[in-house]
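Any value given below was found using the heavy atoms of this structure, including those in side chains, with hydrogens, waters and symmetry copies removed. Source: prediction; values computed, not measured.
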Amino acid sequence: MGLLDILQQYAGNALAQQQANVHQHFDEVAPQVSQQDLGSSIASAFRSDATPPFGQMVGSLFNNSNPQQQAGLLNQLVQSLGGGNLSSVAGGVLGNLIGTGATPSAITPEQASQLSPGDVNAIAAHAEKQDPTIVDRVGDFYAQHPTLVKTLGAVALSAVMGSLSQRR
């Protein structure tokens, strides 16, 4: 089955989340689309009313990421928060970890591993309220790691696939 045939199954299909083969379809489609389209589609899934809130999904992705990916994600979130806000987010866990200067240092993989998915959930939710474009940047970040996107489950993958079908 070709790319367009697969994506057509998700075009405007409210029942797409029930697709038994969504993981397989995602595996076939992700390498064939541009990273830009995949990132935008992941961001669309983050914003979808059919998926959990952005912070929750990011916390889940963080939990399934390796330490380098965790640090990369956290550095994206910290950029959107700025140094002055770090002590007020998630009980100050980021401020305690990297300081609260105007230009906080980059988070290392070792530091990232000290945070829980719940901490990251709260950090991501706060970042989204402060800077809604973080959703797009996190979508772009995870477009570089499509295997992790599959850990979000069938509903989120269906939302990604539905968004990709609209871009074709």
Side-chain angles (χ1 to χ4, degrees), residues 1-81 90 106-107 109 112-113 115-129 131-168:
M1 187 179 311
L3 174 69
L4 294 176
D5 295 327
I6 293 171
L7 290 176
Q8 186 60 36
Q9 296 178 49
Y10 297 88
N13 184 356
L15 299 176
Q17 62 192 353
Q18 297 174 359
Q19 288 283 338
N21 298 324
V22 70
H23 285 86
Q24 177 187 347
H25 290 160
F26 183 79
D27 284 341
E28 292 177 39
V29 169
Q32 296 185 57
V33 298
S34 72
Q35 244 184 8
Q36 181 180 0
D37 282 348
L38 185 56
S40 295
S41 294
I42 293 168
S44 291
F46 287 151
R47 291 185 177 102
S48 173
D49 291 337
T51 61
F54 173 69
Q56 184 179 339
M57 291 174 55
V58 171
S60 176
L61 288 165
F62 176 86
N63 189 48
N64 290 301
S65 296
N66 68 40
Q68 290 77 23
Q69 293 162 336
Q70 290 175 338
L73 168 66
L74 288 169
N75 285 313
Q76 291 287 323
L77 295 173
V78 167
Q79 285 178 346
S80 73
L81 293 170
I107 296 173
S113 67
L115 297 178
S116 73
D119 292 335
V120 176
N121 179 338
I123 293 164
H126 187 83
E128 180 187 23
K129 287 179 187 164
D131 178 11
T133 65
I134 189 61
V135 175
D136 298 308
R137 291 195 309 274
V138 172
D140 290 340
F141 177 79
Y142 279 107
Q144 299 170 41
H145 310 285
T147 303
L148 285 171
V149 176
K150 289 174 48 178
T151 67
L152 291 173
V155 172
L157 283 181
S158 292
V160 171
M161 298 291 283
S163 179
L164 282 169
S165 73
Q166 295 173 2
R167 298 174 194 287
R168 294 286 151 188

A.B. asks: Please step through side chain to side chain contact (heavy atoms under 4.5 Å, CB included) for the pair Phe54 and Arg47, ending with a clear verdict.
C.D. replies: CA-CA 7 Å; Phe54 173 69; Arg47 291 185 177 102; over 6 Å; no

A.B. asks: With under 30° as parallel and over 60° as perpendicular, where do the rings of His145 and Phe141 fit, or are they tilted in between?
C.D. replies: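 Tilted: the ring planes of His145 and Phe141 meet at 30° to 60°.
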
A.B. asks: If you define the side chain from C-beta out and look only at heavy atoms, does anything of Lys150 sit under 4.5 Å from Asp27?
C.D. replies: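 Of all side-chain heavy-atom pairs linking Asp27 with Lys150, at least one is under 4.5 Å.
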
A.B. asks: Go through the steps for Leu38 and Ser34 under the test side chain to side chain contact (heavy atoms under 4.5 Å, CB included), then give the verdict.
C.D. replies: CA-CA 6 Å; Leu38 185 56; Ser34 72; over 6 Å; no

A.B. asks: Could you check whether any side-chain heavy atom of Val120 comes within less than 4.5 Å of a side-chain heavy atom of Val58, counting everything from C-beta outward?
C.D. replies: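 Yes; the side chains approach each other to less than 4.5 Å.
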
A.B. asks: Tell me the salt bridge (Lys or Arg N to Asp or Glu O under 4.0 Å) pairs involving residues 63-75, sequence neighbours left out?
C.D. replies: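 Counting only pairs at least two positions apart or across chains, no salt bridge (Lys or Arg N to Asp or Glu O under 4.0 Å) contact touches residues 63-75.
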
A.B. asks: Assess the residue pair Leu164 and Val29 against the criterion (side chain to side chain contact (heavy atoms under 4.5 Å, CB included)); give the C-alpha distance rounded to whole Å, side-chain angles, the decisive distance to 0.1 Å, and a yes or no.
C.D. replies: CA-CA 9 Å; Leu164 282 169; Val29 169; 3.8 Å; yes

A.B. asks: Mind checking side chain to side chain contact (heavy atoms under 4.5 Å, CB included) for Thr51 and listing every partner two or more places apart, or none if nothing turns up?
C.D. replies: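 Applying side chain to side chain contact (heavy atoms under 4.5 Å, CB included) to Thr51 gives Ser48, Met57, Val155, Ala156, Ala159.
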
A.B. asks: Let me confirm one number: the CG-NE2 distance from Asn121 to His126, rounded to the nearest 0.5 Å.
C.D. replies: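 Separation between the atoms: 13.5 Å.
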
A.B. asks: Any donor-acceptor pair under 3.5 Å linking the side chain of Ser163 with the backbone of Val160?
C.D. replies: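 Not a single qualifying donor-acceptor pair exists.
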
A.B. asks: Which atoms form the tightest heavy-atom contact between Ser65 and Gln70, and what is the distance?
C.D. replies: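 That closest heavy-atom pairing would be O-NE2, 3.5 Å.
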
A.B. asks: Assess whether atom CD of Gln36 is packed by more than 12 heavy atoms of other residues, nucleotides or ligands within 6.0 Å.
C.D. replies: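 Counting neighbours around CD of Gln36, 12 or fewer heavy atoms of other residues, nucleotides or ligands fall under 6.0 Å, so no.
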
A.B. asks: I want to check something: taking the side chain as every heavy atom from C-beta on, are Phe62 and Leu115 in contact at a cut-off of under 4.5 Å?
C.D. replies: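 Yes - at least one pair of side-chain heavy atoms lies under 4.5 Å apart.
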
A.B. asks: Any side-chain donor paired with an acceptor under 3.5 Å for Thr147 and Tyr142?
C.D. replies: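 There is no such pair (donor and acceptor under 3.5 Å, judged by atom type) between the side chains of Thr147 and Tyr142.
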
A.B. asks: For Arg167 versus Ser40, what's the shortest heavy-atom pair and its separation?
C.D. replies: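 Heavy-atom minimum between the residues: NH2-CB, 3.2 Å.
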
A.B. asks: Are the side chain of Gln69 and the backbone N or O of Asn66 linked by a donor-acceptor pair below 3.5 Å?
C.D. replies: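 Checking the backbone N and O of Asn66 against the side chain of Gln69, a donor-acceptor pair under 3.5 Å is found.
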
A.B. asks: Please report the closest heavy-atom contact between Ala124 and Leu77, naming both atoms and the distance.
C.D. replies: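 Closest heavy-atom pair between Ala124 and Leu77: CA-CD2, 4.0 Å.
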
A.B. asks: Please evaluate residues Arg137 and Ser80 with respect to the criterion side chain to side chain contact (heavy atoms under 4.5 Å, CB included), reporting the C-alpha separation (whole Å), side-chain torsions for both, the decisive distance (0.1 Å), and the verdict.
C.D. replies: CA-CA 10 Å; Arg137 291 195 309 274; Ser80 73; 3.1 Å; yes

A.B. asks: Let me confirm one number: the CG-CD1 distance from Leu148 to Ile42, rounded to the nearest 0.5 Å.
C.D. replies: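 So the gap between those two atoms works out to 9.5 Å.
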
A.B. asks: Restricting to non-hydrogen atoms, name the atom on Pro117 and the atom on Gly59 that form the minimum distance, rounded to 0.1 Å.
C.D. replies: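 That closest heavy-atom pairing would be CB-O, 3.5 Å.
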
A.B. asks: For the residue pair Leu157 and Leu152, establish whether any side-chain heavy-atom pair is separated by less than 4.5 Å.
C.D. replies: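 Result no, sub-4.5 Å side-chain heavy-atom pair not found.
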
A.B. asks: Decide yes or no for Leu73 and Leu61: does some side-chain heavy atom of the first lie under 4.5 Å from some side-chain heavy atom of the second?
C.D. replies: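 Not touching, per the 4.5 Å side-chain cut-off.
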
A.B. asks: Write down the atom of Ile134, the atom of Gln76, and the distance for their closest heavy-atom approach.
C.D. replies: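 Of all heavy-atom pairs spanning Ile134 and Gln76, the closest is CD1-O, 3.4 Å.
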
A.B. asks: Of all heavy-atom pairs between Ser60 and Thr151, which one has the smallest distance, and what is that distance?
C.D. replies: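 So the two residues come closest at OG-O, 4.4 Å.
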
A.B. asks: Can you tell me if Gln24 and Glu28 form a side-chain donor-acceptor pair at under 3.5 Å?
C.D. replies: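 Per modelled atom types, Gln24 and Glu28 side chains form a pair under 3.5 Å.
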
